[in-house]
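Residues take their numbers from the sequence shown, with the count starting at 1.
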Amino acid sequence: MIRRIERGMAIAAAAALLLLVVVVLVDVIGRNAFNRPLASGTELTEMLMGALAFLSFPLLTYRQRDITVDLFDMLAGRRLNKLQVAVSGIVAATVFGLLAWQAAVQGLRAAANGESTPQLHVSLAYIWWGMGALSVVTALSALVVAIAVFTRHPVLPVPLSELE
């Protein structure tokens, strides 16, 4: 079940990246070769970058692929390393939980005011709510990692060979 969710989110993130590349390519060629940039290219780029980031956060969090600086790992024992993973998971869950809450608040405000993007007229409420929902998924992923470190089957970073 979790593998399917991961795969679906990875496919969605890859699709966002591919669309982002196409939008930027068309915009740059249109701007430089024909002196006509892609209409709404900036808005599309902003939305796709946001989608790419927020689709990637849960995957990176669950597989512990975030950036870490381990200065004292060689001095710490196994228990301290477990505690470090648990504390970082709780901190990440708290941060993404707060982010989800604020995204929901902003989504409600945008819905009440009828806010939308200037050119494409996409409702900003849906964008905020999407970011909030993906932040909740990220917070849950961080909690799973933090709790699982003390079980018999901790969530381990995926080997690079499995990503290919």
Side-chain angles (χ1 to χ4, degrees), residues 1-69 84-150 155 157-158 163:
M1 173 73 167
I2 289 181
R3 288 273 188 197
R4 286 184 181 176
I5 293 170
E6 279 184 291
R7 188 168 301 248
M9 291 185 77
I11 289 170
L17 178 60
L18 180 64
L19 284 172
L20 179 63
V21 168
V22 170
V23 166
V24 170
L25 178 69
V26 169
D27 187 44
V28 168
I29 290 174
R31 185 179 311 273
N32 293 331
F34 304 109
N35 202 24
R36 293 199 51 135
L38 178 65
S40 307
T42 302
E43 279 184 20
L44 287 170
T45 301
E46 289 171 353
M47 288 189 287
L48 289 169
M49 294 253 324
L52 179 61
F54 278 87
L55 285 166
S56 300
F57 288 151
L59 298 172
L60 295 172
T61 301
Y62 184 71
R63 288 298 174 182
Q64 302 172 48
R65 291 292 183 192
D66 46 356
I67 297 172
T68 58
V69 179
Q84 176 190 358
V85 171
V87 169
S88 67
I90 291 168
V91 169
T94 303
V95 168
F96 277 98
L98 291 171
L99 185 61
W101 170 54
Q102 283 302 304
V105 168
Q106 292 299 322
L108 290 172
R109 182 190 53 78
N113 296 332
E115 296 177 15
S116 64
T117 60
Q119 295 174 338
L120 294 175
H121 303 292
V122 175
S123 174
L124 290 178
Y126 296 129
I127 294 171
W128 281 112
W129 290 333
M131 291 189 313
L134 290 169
S135 293
V136 167
V137 174
T138 305
L140 292 174
S141 297
L143 278 178
V144 166
V145 169
I147 292 168
V149 75
F150 294 109
V155 177
V158 65
L163 294 175

Pick from Asn32, Asp27, Ile29: which one makes a side chain to side chain contact (heavy atoms under 4.5 Å, CB included) with Pro37? Asp27
Report the C-alpha distance between Val144 and Tyr62 in whole Å, list the side-chain angles of each, state the deciding distance to 0.1 Å, and finish with yes or no for side chain to side chain contact (heavy atoms under 4.5 Å, CB included). CA-CA 8 Å; Val144 166; Tyr62 184 71; 3.8 Å; yes
How long is the gap from [atom1] on [X] to [atom2] on [Y], to the nearest 0.5 Å?
X	Y	atom1	atom2	answer
Leu140	Phe96	CG	CZ	12.0 Å
Ser141	Leu59	OG	CG	8.0 Å
Phe54	Leu99	CZ	CG	5.0 Å

Do other residues, nucleotides or ligands put more than 12 heavy atoms under 6.0 Å from the CG atom of Asn35?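 Counting neighbours around CG of Asn35, 12 or fewer heavy atoms of other residues, nucleotides or ligands fall under 6.0 Å, so no.
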Only pairs under 3.5 Å count here: list side-chain donor-acceptor contacts from residues 4-14, not counting sequence neighbours, and write none if there are none.
| unit_1 | atom_1 | unit_2 | atom_2 | d |
| --- | --- | --- | --- | --- |
| Glu6 | OE1 | Arg63 | NH2 | 3.2 |
| Glu6 | OE2 | Arg63 | NE | 2.9 |

Considering all heavy atoms of both residues, which atom of [X] and which atom of [Y] are nearest to each other, and what is their separation?
X	Y	result
Val149	Ala146	CG1-O, 3.1 Å
Ala51	Ala16	CB-CB, 4.4 Å
Ala142	Gly89	CB-O, 3.4 Å

Is any side-chain heavy atom of Val122 closer than 4.5 Å to a side-chain heavy atom of Ser116?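 Val122 vs Ser116: side chains apart.
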Show me the donor-acceptor pairs within less than 3.5 Å that the side chains of residues 38-49 make with the rest of the protein, sequence neighbours left out.
| unit_1 | atom_1 | unit_2 | atom_2 | d |
| --- | --- | --- | --- | --- |
| Ser40 | OG | Gln119 | OE1 | 3.4 |
| Glu43 | OE1 | Thr117 | OG1 | 3.1 |
| Glu43 | OE1 | Leu120 | N | 3.1 |
| Glu43 | OE2 | Gln119 | N | 2.6 |
| Thr45 | OG1 | Gly41 | O | 2.7 |

Report, one line per pair, each donor and acceptor closer than 3.5 Å where one atom sits in a side chain of residues 100-108; sequence neighbours left out.
| unit_1 | atom_1 | unit_2 | atom_2 | d |
| --- | --- | --- | --- | --- |
| Gln106 | OE1 | Arg109 | NE | 2.9 |
| Gln106 | OE1 | Arg109 | NH2 | 2.6 |

